[in-house]
Amino acid sequence: MTTTKPAGVDITVSLPADHEVQAALDAFYGWIGDRTRPTPVAPEGLLAHVAAVAADGDMILSAAWYRAEVTGGSVGVATLGDDVVLLADEGDGWQIVGAHLARFGLDPWYGPPVRHVLIVGTDARPGEGQRLYRADSIHVVSSNLAAHAGSIVGFPRDTYVATSYGHDKLTHVNATSDTDELLEITRDLSGLPIEGYFITGFLGFMRLVDDLGGVVVDVPFGMAEPLSEAYLSKGIQLLWGQNALAFSRNRHIYGGDFTRSFHQGVVILAGLADVLERDITTLPELVRILLQRTWTDLSLGDVLTLGATAFEIDPLRVTNDVPPGQTKMV
């Protein structure tokens, strides 16, 4: 237990489980109580977000701590009553990366208010390099924290685009060049400041769905398609990894790849709905699962704050769209 004693305000933080995290929380809340204290290590946007807050009396804060070891370091969530504080450690110690200070009447600060990320699923089969093959699923997922809303926009894999090596199908860019170029092209196509990407293959996708305990999907019509192994009945049902992959792969249907891309968005929405059935204290474990099954170019702090944003989104306010287009022989 540590106690800060700013002029006129005492803020006590108790977190027996982790001294380093307690020190970070103590510095953060102590600065809120007394701005003459050293500025804590935290994003400038978060410090600006809480700048107008003034503690109106002494506080005794008891913190609960939830953490997970992940690829690249550790992530954690501290709860102090109704407050939520996000912390990440990428090797240089625990740092606060986001917070929802409900006790002060503040909205959450989990990074920029509007965010965009690229989600890529390759057609790599089990036993193949999962991130190095063609991009079967290409989606930009966006969130608007203030509106509690978001969007999923799918790009058909056979879209023709200009690349560093000539014109080619969008699906080929990841395999012929790399995911960084696929990200840049998607930025150009969308006109959006996409932060980065998550990418996986067949095996990673199936294991991710299984790790979540399956996803509930409303299959719009019965399917019996041998190439994708999609043998599904119409209606709401729990899909485990193999069937979720089959549903996402089937393009021998009306609308072809446009409909398939829409169905992939349906699965992403189902994953969001699954997350919202959980408590934000499960976020570190969810991040661990995600990073075990995917690759990303985002920092741990960005992954953690993006995950926290999901808990603020209303699934009924998330649109799922595929840009219109037409097929032609080339």
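Values in this document were obtained by computation on a predicted structure and should not be read as measured data. Values below: all heavy atoms of this structure, side chains included; hydrogens, waters and symmetry mates excluded.
Judged purely by distance below 3.5 Å, without hydrogens or angles, the side chains of Gln264 and Ser137 pair a donor atom with an acceptor atom. Judged by distance alone, the side chains of Glu225 and Ser228 do bring a donor and an acceptor atom under 3.5 Å apart. A donor and an acceptor atom, one from each side chain of Gln292 and Thr71, are nowhere located under 3.5 Å apart. Using modelled atom types, one finds no donor on one side chain facing an acceptor on the other under 3.5 Å when comparing Asp168 with Thr163. No donor-acceptor contact under 3.5 angstrom links the side chains of Asp26 and Tyr29, judged on distance only. A donor atom on one side chain and an acceptor atom on the other are not found under 3.5 Å apart for Gln130 and Thr200.
Looking at heavy atoms from C-beta onward, Tyr197 lies out of side-chain contact with Val117 at the 4.5 angstrom threshold. Leu61 has its side chain within reach of Arg103: a pair of non-hydrogen atoms, C-beta onward, lies under 4.5 Å apart. Side-chain contact check for Arg157 versus Lys169: every heavy-atom pair is 4.5 Å or farther apart. Contact check for Phe202 versus Pro126: side-chain heavy atoms found under the 4.5 Å cut-off. Looking at heavy atoms from C-beta onward, Pro156 lies in side-chain contact with Val322 at the 4.5 angstrom threshold. Phe311 has its side chain out of reach of Pro108: every pair of non-hydrogen atoms, C-beta onward, lies at least 4.5 Å apart. Using a 4.5 Å heavy-atom threshold, the side chains of Tyr110 and His100 count as touching. No side-chain heavy atom of Val120 sits under 4.5 Å from any side-chain heavy atom of Phe198.
Applying the side chain to side chain contact (heavy atoms under 4.5 Å, CB included) test to Asp107 and every residue at least two apart in sequence or in another chain returns nothing. Taking the ring-ring contact (aromatic ring centres under 6.0 Å, His included) definition, one finds that His139 meets it with nothing, sequence neighbours left out.
Looking only at distances, a side-chain donor or acceptor of Thr259 sits under 3.5 Å from a matching main-chain atom of Tyr254. Judged by distance alone, with hydrogens and angles left aside, the side-chain atoms of Asp257 form no donor-acceptor pair with the main-chain N or O of Arg260 at under 3.5 Å. Here the side chain of Ser248 pairs a donor or acceptor atom with the backbone of Ala244 at under 3.5 angstrom. Panel note: side chain Asn174, backbone Thr176; no donor-acceptor pair is recorded below 3.5 Å. Under a 3.5 Å cut-off, the side chain of Thr79 and the backbone N or O of Gly81 do not form any donor-acceptor pair. In terms of modelled atom types and a separation under 3.5 Å, the side chain of Asp321 and the main chain of Gly154 share no donor-acceptor contact. Although no hydrogens or angles enter the test, the distance criterion places no donor-acceptor pair under 3.5 Å between the side chain of Gln95 and the main chain of Ala88. In this structure a side-chain-to-backbone donor-acceptor pair under 3.5 Å is missing from Asp123 to Gly201. Side-chain atoms of Arg187 come within 3.5 Å of backbone atoms of Ile194 as a donor-acceptor pair (strictly under, hydrogens ignored).
Looking at Leu276, Leu283, Thr281 one by one, the single match for side-chain contact (heavy atoms from CB on, under 4.5 Å) with Asp279 turns out to be Thr281.
The structure places CZ of Arg134 at 7.0 Å from CG of Asp136, a figure rounded to the nearest 0.5 Å. Annotation: the span from Leu170 atom CG to Ile138 atom CD1 amounts to 3.5 Å, rounded to 0.5 Å. Expressed to the nearest 0.5 Å, how far CD1 of Ile199 lies from CH2 of Trp295 amounts to 8.0 Å. Within the model, atoms CZ of Arg288 and OG of Ser74 stand 12.5 Å from one another, a figure rounded to the nearest 0.5 Å. Note that the CD1 atom of Ile268 and the CG atom of Asn320 stand 7.5 Å from one another [nearest 0.5 Å]. Interatomic distance, CD of Glu69 versus CG of Asp89, reported as 8.5 Å (0.5 Å rounding).
The pair Arg251-Asp158 meets the salt-bridge criterion, with a side-chain N (NZ, NE, NH1 or NH2) lying under 4.0 Å from an Asp/Glu carboxylate O. Under 4.0 Å is where a charged nitrogen must lie from a carboxylate oxygen, and between Glu128 and Arg125 no such pair does. Between Arg37 and Asp34 there is no salt bridge, since no side-chain N of the basic residue sits under 4.0 Å from a carboxylate O of the acidic one.
A continuous path of Ile, Leu, Val, Met, Phe, Trp and Tyr side chains, each step under 4.5 Å between heavy atoms, connects Leu304 with Ile313, placing both in one hydrophobic cluster. Under a hydrophobic clustering in which Ile, Leu, Val, Met, Phe, Trp and Tyr are joined whenever their side-chain heavy atoms come within less than 4.5 Å, directly or via other members, Phe28 and Ile280 fall into different clusters. Hydrophobic clustering, with ILVMFWY side chains joined whenever heavy atoms are under 4.5 angstrom apart, groups Val266 together with Leu232. Hydrophobic cluster membership is shared by Leu192 and Leu189, with clusters built from Ile, Leu, Val, Met, Phe, Trp and Tyr side chains linked at under 4.5 angstrom. One hydrophobic cluster, built from ILVMFWY side chains closer than 4.5 Å, cannot hold both Val141 and Phe262; they sit in different ones.
Taking both residues in full, the closest heavy atoms of Asp274 and Gly214 are given as OD1-O, 4.0 Å, listed atom of the first, atom of the second, then distance. The shortest non-hydrogen separation linking Ser164 to Ser177 is OG-OG, 4.5 Å. Contact record, Pro43 with Ile96: CD-O, 3.1 Å, taken as the closest heavy-atom pair. Closest non-hydrogen pair, Lys234 versus Gln237, comes out as C-NE2, 4.1 Å. Nearest heavy atoms, Arg317 versus Ala147: NH1-O, 2.8 Å. The heavy-atom pair separating Ser143 from Thr309 by the smallest distance is OG-CG2, 3.6 Å.
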* Would you please test Leu290 and Leu286 for side-chain contact (heavy atoms from CB on, under 4.5 Å) and show each step? => CA-CA 6 Å; Leu290 176 65; Leu286 291 173; over 6 Å; no

task = Verify side-chain contact (heavy atoms from CB on, under 4.5 Å) between Ser261 and Phe155, making sure each step is shown before the conclusion.
result = CA-CA 7 Å; Ser261 188; Phe155 292 83; 6.0 Å; no

Check step by step if side-chain contact (heavy atoms from CB on, under 4.5 Å) holds for His49 and Leu106. CA-CA 8 Å; His49 183 69; Leu106 293 179; 4.0 Å; yes

What's the verdict on side-chain contact (heavy atoms from CB on, under 4.5 Å) for Leu182 and Asp180, showing C-alpha distance, side-chain angles and the deciding distance? CA-CA 5 Å; Leu182 177 61; Asp180 289 332; over 6 Å; no

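Alongside Leu238, the hydrophobic cluster contains Val216, Ile236, Trp240 (criterion: ILVMFWY side chains under 4.5 Å). The hydrophobic side chain of Val41 is isolated, with no ILVMFWY side chain under 4.5 Å apart from it.
Applying the side chain to side chain donor-acceptor pair (under 3.5 Å) test to residues at least two apart or on different chains, the pairs with a partner in residues 297-306 are Arg115-Thr305, Ser299-Asp302. Legend: side chain to side chain donor-acceptor pair (under 3.5 Å) pairs involving residues 204-214, not counting sequence neighbours, sorted by first then second residue: Asp211-Arg293.
Note on ring orientation: taking the six-membered ring where Trp is involved, the planes of His263 and Phe221 are tilted (angle from 30° to 60°).
Crowding of Leu132 atom CG: a count of heavy atoms from other residues, nucleotides or ligands under 6.0 Å exceeding 12.
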